[in-house]
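These values consider heavy atoms only, across backbone and side chains, with no hydrogens, waters or symmetry-generated copies. Along the sequence shown, residues are numbered consecutively beginning with 1.
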Amino acid sequence: MGELSSLPNIGKVVEDQLMQVGINSAGELKRIGAKEAWLRIQAIDESACIHRLMALEGAIEGVKKSMLSDEMKADLKEFYQQHRK
């Protein structure tokens, strides 16, 4: 397992997916952002869910996804509703 899996919420499967879509480091994930990273993952895995989106944001913020602010959770839920397949 690599650098990405050392982030909160990122296990081997999500790390592999991030690498498949061209995100190979924590810095790249932070630069690209959770929403764009999730859209890229969704393009290769239609089962990508709201929990994966929240996990990505938590990884960027350095917290477990359950610790995201209510405002962030609401924003991500709205984004997910607009973009889910």
Side-chain angles (χ1 to χ4, degrees):
M1 299 211 309
E3 175 189 351
L4 289 165
S5 63
S6 69
L7 298 171
N9 314 306
I10 304 297
K12 181 70 175 140
V13 171
V14 176
E15 179 181 54
D16 287 344
Q17 288 182 329
L18 287 166
M19 292 176 76
Q20 286 178 46
V21 300
I23 300 169
N24 298 299
S25 70
E28 284 181 79
L29 177 58
K30 289 177 182 178
R31 183 179 55 77
I32 289 166
K35 292 175 182 177
E36 176 61 27
W38 183 83
L39 287 172
R40 291 183 188 187
I41 290 173
Q42 184 191 43
I44 63 165
D45 179 3
E46 289 187 9
S47 73
C49 62
I50 183 70
H51 299 286
R52 191 155 322 157
L53 176 59
M54 289 190 182
L56 291 167
E57 182 61 36
I60 289 169
E61 292 188 23
V63 299
K64 293 191 177 288
K65 64 183 180 182
S66 61
M67 299 303 293
L68 293 171
S69 70
D70 290 341
E71 295 81 11
M72 178 56 72
K73 288 179 185 175
D75 179 60
L76 294 173
K77 285 177 185 175
E78 182 180 329
F79 177 84
Y80 175 76
Q81 293 295 330
Q82 293 172 353
H83 294 91
R84 69 181 179 171
K85 291 185 179 181

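In this structure, the side chain of Asn9 engages the main chain of Val63 through a donor-acceptor pair within 3.5 Å.
To the nearest 0.5 Å, atoms CD1 (Ile32) and CD1 (Ile23) are separated by 4.0 Å. Rounding to the nearest 0.5 Å places OH of Tyr80 at 6.5 Å from CD1 of Ile50. The structure places CG of Asp16 at 9.5 Å from CD1 of Ile44, a figure rounded to the nearest 0.5 Å.
Among residues two or more places apart in sequence or in another chain, the side chain to side chain donor-acceptor pair (under 3.5 Å) test is passed with Gln81 by Arg84. Residues forming a salt bridge (Lys or Arg N to Asp or Glu O under 4.0 Å) with Lys35 (at least two apart in sequence, or on another chain): Asp75. Considering only residues two or more places apart in sequence or on other chains, Ala48 meets the side chain to side chain contact (heavy atoms under 4.5 Å, CB included) condition with Trp38, Ile41, Gln42, Arg52. Applying the salt bridge (Lys or Arg N to Asp or Glu O under 4.0 Å) rule to Glu36 yields the partners Arg40; only residues at least two apart in sequence or on another chain are considered. For Lys30, the side chain to side chain contact (heavy atoms under 4.5 Å, CB included) test picks out Ile60, with sequence neighbours left out.
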With side chain to side chain contact (heavy atoms under 4.5 Å, CB included) as the test, would you mind laying out the steps for Lys77 and Met54 before giving the verdict? CA-CA 9 Å; Lys77 285 177 185 175; Met54 289 190 182; 3.6 Å; yes
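Nearest heavy-atom pair across Ala59 and Leu7 is CB-CB, 4.0 Å. Residue Leu29 comes nearest to Ala37 through the heavy atom pair CD1-CB, 3.7 Å, listed as atom of the first residue, atom of the second, then distance. Taking every heavy atom of both residues into account, Pro8 and Gly62 meet most closely at CG-C, 3.6 Å. Scanning both residues, Glu3 and Ala26, for their nearest heavy atoms gives OE2-N, 3.1 Å.
More than 12 heavy atoms of other shown residues, nucleotides or ligands fall within 6.0 angstrom of atom NE2 in His83.
Contact check for Leu56 versus Ile10: side-chain heavy atoms found under the 4.5 Å cut-off.
Evaluation of the side chain to side chain donor-acceptor pair (under 3.5 Å) test over residues 56-65, restricted to residues two or more places apart or in two chains, returns none.
Val13 and Leu39 end up in different hydrophobic clusters when Ile, Leu, Val, Met, Phe, Trp and Tyr side chains are linked at under 4.5 Å.
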